[in-house]
Amino acid sequence: MTDLPKTMQGVQLTGHGDFSMLKYTADIALPTLGEDDVLIKVMAAGVNNTDLNTRLAWYSKQDEGSEDASWSGNALVFPRIQGADVCGVIVAVGNNVKPNRIGERVLIEPCIVNAAGKELETPWYFGSECDGGFAQYTSVDASHAYKVNSHYSDVELASFPCSYSTAENMLYRSNAKHGETVLITGASGGVGSAAVQLAKARGAYVVAVTSKSKAQQLKDLGADNVIFREDDLVQALGKNSIDVVVDLVAGEQWPKLLDVLKPKGRYAVSGAIGGPLVELDIRTLYLKDLSFFGCTVLEAGVFKNLIRFIEQEKIKPIVAHTFPLTEIVNAQQAFSEKQHVGKIVLTIPHSD
């Protein structure tokens with residue numbers, strides 16, 4: 001590590017609150033490198049809902065306080081470098097990692113189950129329970145740095161890890177199959193647009209829920225049917241018409257998602273941008289023999305599948321906008337306006 005700088009530039013989250021909690025700093029100490037870790041020079045990093053949710057303490061279920069405001073339900077340690085979507089190059093390795101990994105172009109698996117040389121009892125999320133990719137360098141257990149051989153650019157590759165692995169995990173857990181009908185809410189977002197592609201790759205018939213302004217873009221991604229957020233789902237689709245619901249929205253329309261599910265239908269959720277509190281008639285759940293899947297921790301093999309899909313170009317990156325890391329506030333503002341399809345990605349400055 002003699003050729004590496006001792007400090008780096010990056011964005012630190014200094015506490016829960018508004019954009020003023022994000023501090024761009026030029027003298028952050030380079031990440032420490034454990035025996036099982038790799039040091040990664042970050043080339044690009046994507047923006048996600050979890051970045052905003054963590055900053056705003058949205059994950060906290062308490063009326064006051066933020067003792068449970070991290071992804072895992074524990075208090076966050078500040079300052080914290082966020083950023084779950086990372087494309088970069090390995091520039092140094094720990095003593096237990098083969099030196100020939102130096103130089104590999106990698107994507108980081110954002111759901112962290114190995115750290116400090118051991119398996120974690122409660123998984124972390126990259127950029128939440130540990131520092132992430134909104135900086136020039138980051139470190140992670142070598143098992144979570146996946147080599148990728150691709151013609152896609154760094155920015156394009158950084159659009160994949162979080163959204164696509166989340167979408168793949170939801171489809172895997174709910175066992176979406178060829179010939180089934182899959183309904184995807186929030187289909188224009190990063191996870192939603194990934195789910196459209198991954199469901200089509202499975203041979204499913206895809207119904208996407210989005211705004212009128214984004215309908216054609218979703219059709220271009222492969223959606224077979226597009227309905228609008230303000231539509232009544234039952235009127236638009238009919239009761240008992242959907243095999244699998246991939247939900248990223250929740251909110252007031254949530255009971256209708258269960259109405260359109262077929263008996264023995266499956267519901268998978270990994271987001272609640274429309275509101276986390278919903279009304280459930282428990283009779284619908286048991287009388288229709290529905291299965292619910294809360295999806296956060298990635299199943300083993302999901303990220304490896306994603307790397308294969310990328311290398312075979314069975315899925316394509318969707319980058320809506322790019323911003324330099326110094327403009328992270330502008331990037332998050334654009335993200336929160338939800339006027340984009342796909343991902344917003346930050347480029348990381350390097351002098352060489």
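Atoms considered below: every heavy atom in the structure, side chains included; atoms not considered: hydrogens, waters and symmetry mates. All figures in this text were calculated on a predicted structure; none of them were measured in a lab.
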Before giving the answer on salt bridge (charged side-chain N to carboxylate O under 4.0 Å, His left out), spell out for Glu156 and Lys343 the whole-Å C-alpha distance, their side-chain angles and the decisive distance to 0.1 Å. CA-CA 9 Å; Glu156 289 173 324; Lys343 294 285 292 190; over 6 Å; no
Taking Ser241 for the side chain and Gly238 for the main chain, is one N or O donor matched with an acceptor at less than 3.5 Å? yes
Taking atom CG of Asn305 and atom NZ of Lys314, what is their separation to the nearest 0.5 Å? 10.0 Å
Any side-chain heavy atom of Leu290 within less than 4.5 Å of one from Tyr267? no
Output all residues satisfying salt bridge (charged side-chain N to carboxylate O under 4.0 Å, His left out) with Asp154, sequence neighbours left out; order by chain, then residue number. Arg105
Expected list for residues 187-196: side-chain donor-acceptor pairs under 3.5 angstrom, two or more places apart:
from: Ser193; atom 1: OG; to: Gly189; atom 2: O; distance (Å): 2.7
from: Ser193; atom 1: OG; to: Gly190; atom 2: O; distance (Å): 3.3

Sequence neighbours excluded, the answer for side-chain hydrogen bond (donor to acceptor under 3.5 Å, both in side chains) partners of Gln217 is none
Any donor-acceptor N/O pair, Arg80 side chain to Ser128 backbone, under 3.5 Å: yes
Check the angle between the aromatic planes of His16 and Phe78 and answer parallel, tilted or perpendicular using the 30° and 60° thresholds. perpendicular
Test of understanding: with salt bridge (charged side-chain N to carboxylate O under 4.0 Å, His left out), list the residues that count as partners of Glu180, not counting sequence neighbours. Lys177, Arg266
Ser139 (side chain) donor-acceptor with Pro31 (main chain) under 3.5 angstrom: no
Are any of the side-chain heavy atoms of Phe335 and Asn49 separated by less than 4.5 Å? yes
Linked, directly or transitively: Val91 and Tyr146 (ILVMFWY side chains, under 4.5 Å): no
Classify the side-chain pair Tyr125/Thr54 by whether it contains a donor and acceptor separated by less than 3.5 Å. no
Taking atom types as modelled, find out whether Asp247 and Thr185 have a side-chain donor-acceptor pair closer than 3.5 angstrom. yes
What do the steps show when you test Lys262 against Asp243 for salt bridge (charged side-chain N to carboxylate O under 4.0 Å, His left out), and what is the final call? CA-CA 6 Å; Lys262 295 178 180 178; Asp243 296 289; 3.3 Å; yes
Please enumerate all residues that pass side-chain hydrogen bond (donor to acceptor under 3.5 Å, both in side chains) together with Tyr164, with sequence neighbours excluded. Gln197
May I ask you to check whether Arg55 and Gln332 show a side-chain donor-acceptor distance below 3.5 Å? yes
Considering only heavy atoms from C-beta outward, does the side chain of Phe292 approach that of Leu285 to under 4.5 Å? yes
Residue pair Leu30 / Lys6, side-chain heavy-atom distance below 4.5 Å: no
Keeping the roles fixed (side chain from Glu119, backbone from Asn114), state whether a donor-acceptor pair exists under 3.5 Å. no
Got a sec, which pairs hit ring pair (Phe, Tyr, Trp, His ring centres under 6.0 Å) with one end in residues 220-241, sequence neighbours left out? none
I'd like to know if the side chain of Asp232 reaches the main chain of Gln235, judged simply by a donor and an acceptor atom lying under 3.5 Å from each other, with no hydrogens or angles considered. yes
Would you kindly say whether Thr50 and Asn48 are connected by a side-chain donor-acceptor distance under 3.5 Å? no
Note, Phe134 side chain near Leu325 side chain (heavy atom, < 4.5 Å): yes
Side-chain H-bond candidate by donor/acceptor type, Lys288 with Asn240, under 3.5 Å: yes
Taking side chain as C-beta onward, heavy atoms only, is Met170 less than 4.5 Å from Arg173? no
If we only count heavy atoms from C-beta on, is the Val86 to Pro161 side-chain gap below 4.5 Å? no
Point-to-point distance, once rounded to the nearest 0.5 Å, from CG of Leu257 to CG of Leu237: 10.0 Å
